[in-house]
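These notes are about the structure you will find just below.
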Amino acid sequence: KHKDSDIQIKDCMPIFQHIRMVKASDEIEHIKESIEHTRLGIEFMMANCKKDMFEYQLASFFDFSIIYNGNKKVAFPSVVAGGKNATVLHYSKKDAILNKKDLVLVDVGCQTNYYCSDITRTFPVSGRFTKRQRDIYEEVLLVNNMCIASAIKGTTLTELNNYATELLIRACYRLKLIAKDEEIRKYYWHNVSHFLGLDTHDVGFKDMPLQPGHVITIEPGLYIEEENIGIRIEDNILITEAAPINLSANIIKEPIDIIKYMRSNKDRLI
Ligand code: GLY
Ligand code: MN
């Protein structure tokens, strides 16, 4: 352009954004592999979680699993947050002790052939939920499942987030946390979804209708500081012509499966 002022320089970003948003089949395979490594890492954490462990110690089981199983990189610094710490969205300190009465939230992912996974699971440090923890967990799980089912072609991330907020408002009334709708902002304030791919928060537009080949997260949560409870459940979803596919469906999330898995591994340390 310095040499020839007739040259028009255009921004190539819109082209690449579109190409990146619609995943080809080999890209989806890389994401699936990345999710599988993350599944192994999460199960390794669940199997080896012990009361009085530091959060960073629990996180080290994830890192170990990722490297041991032949994957080289985590996608982002793992979040491992016990009790009240789980009410902080990107909690990074990991220097607190895991209390046996608390839940622990793990938000983790890895990068396989440059493609990311981004999964959140929340489980009891002791392997057993209190009634209140389980009631709240079931409410978040319901929203997770309903939003996954609604991640259909043509909908937008903004619509999904509005839907999640509506559902979480109803959940908070049932849990006796709020007296009016606006109070939801105290317990849920982030977005329910983002695009996933070469970046954990991949390129994409919140108001663009979803298309087959898009891969997004669904991650509702409730964060109740006064009860030391933060719960988020995050899955990675492929949009198709028909029903959405939960690519992380194999990662334990039903309370009964978490309880059984942790009980059957209760003596594990490694
Ligand atoms: N999973 C948390 C986030 O996407 O920021
Ligand atoms: Mn996420």
Side-chain angles (χ1 to χ4, degrees), residues 20-21 23 27-28 30-32 34-39 41-42 45 55 58-59 62-63 66 73-82 84-94 103-112 114-123 137 140-141 143-148 150-151 156-161 163-165 168 185 187-206 210 214-225 229-239 244-253:
R20 283 181 57 170
M21 283 174 76
K23 271 72 178 177
E27 296 179 283
I28 292 165
H30 295 322
I31 293 175
K32 282 186 182 167
S34 178
I35 292 169
E36 176 59 9
H37 282 285
T38 297
R39 179 184 73 79
I42 289 176
M45 281 196 284
E55 293 162 333
L58 185 58
F62 184 76
D63 298 346
I66 293 302
K73 279 184 82 172
V74 291
F76 52 89
S78 303
V79 173
V80 174
K84 190 185 293 228
N85 295 338
T87 65
V88 177
L89 185 56
H90 292 138
Y91 172 77
S92 62
K93 276 168 60 183
K94 293 187 283 235
L103 298 175
V104 58
L105 179 154
V106 301
D107 185 347
V108 290
C110 68
Q111 227 185 47
T112 305
Y114 304 103
Y115 286 84
C116 299
S117 45
D118 181 14
I119 306 289
T120 307
R121 288 293 183 265
T122 309
F123 51 91
Y137 188 94
V140 178
L141 184 57
V143 180
N144 165 284
N145 285 324
M146 290 184 75
C147 288
I148 291 173
S150 302
T156 66
L157 298 198
T158 300
E159 286 164 355
L160 282 175
N161 194 48
Y163 182 51
T165 307
L168 288 166
R185 285 289 154 225
Y187 299 109
Y188 171 70
W189 60 86
H190 56 73
N191 285 311
V192 81
S193 188
H194 57 80
F195 290 91
L196 180 73
L198 290 169
D199 284 315
T200 304
H201 287 203
D202 211 34
V203 290
F205 306 98
K206 284 199 302 213
L210 290 171
H214 287 178
V215 178
I216 63 168
T217 66
I218 291 288
E219 48 182 311
L222 284 176
Y223 310 96
I224 310 162
E225 202 179 333
I229 293 175
I231 296 173
R232 182 166 61 256
I233 308 171
E234 176 176 25
D235 284 299
N236 299 164
I237 312 300
L238 171 65
I239 312 305
I245 297 173
N246 183 356
L247 300 175
S248 47
N250 286 341
I251 307 183
I252 305 173
K253 69 175 176 179

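The figures that follow rest on heavy atoms only: side chains count, while hydrogens, waters and symmetry mates do not. Residues: numbered from 1 along the sequence shown. Whatever order the structure lists ligands and atoms in, that order sets their numbers, starting from 1.
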| request: Go through Ile216 and Leu160 one step at a time and tell me if the side chain to side chain contact (heavy atoms under 4.5 Å, CB included) criterion holds. | output: CA-CA 11 Å; Ile216 63 168; Leu160 282 175; 3.8 Å; yes

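Against a heavy-atom cut-off of under 4.0 Å, His90 is close to the following atoms of ligand 1: 2 (C), 3 (C), 5 (O). The ligand atoms of ligand 1 that sit less than 4.0 angstrom from a heavy atom of His194 are 4 (O). Within ligand 1, counting atoms from 1 as listed, the ones closer than 4.0 Å to a heavy atom of Asp118 are 1 (N), 4 (O). With ligand atoms numbered from 1 in the order given, ligand 1 contributes 1 (N) to contacts under 4.0 Å with heavy atoms of Glu234.
Assignment of His190 to the shell around ligand 1 is not supported, since no heavy atom sits closer than 4.0 Å.
In this pair, Tyr223 and Trp189 present their aromatic rings tilted. The plane angle is within the 30 to 60° band.
When only non-hydrogen protein atoms are considered, atom 2 (C) of ligand 1 lies nearest to Asp107 OD2, 3.0 Å.
Formation of a donor-acceptor pair under 3.5 Å by the Ser34 side chain with backbone atoms of Cys110 is found in this model. A donor-acceptor pair is defined here as one N or O able to donate and one able to accept, closer than 3.5 Å; no such pair exists between the side chain of Lys23 and the backbone of Leu238.
Between Leu198 and Tyr115, the closest heavy-atom pair is CD2-CZ, 3.5 Å. Pairing each heavy atom of Ile231 with each of Thr122, the nearest pair is CA-OG1, 3.8 Å. Taking all atoms of both residues into account, the shortest heavy-atom contact from Leu105 to Ala86 is CB-CB, 3.7 Å.
For the residue pair Asn161 / Tyr188, a side-chain donor-acceptor distance below 3.5 Å is found, with atom types taken as modelled.
Pairs engaging residues 189-198 under the salt bridge (charged side-chain N to carboxylate O under 4.0 Å, His left out) rule: none recorded [sequence neighbours left out].
Residue His201 places at least one N or O, backbone or side chain, under 3.5 Å from an N or O of ligand 1.
Protein N/O/S atoms closer to the Mn ion (ligand 2) than 2.8 Å number 4 in this structure.
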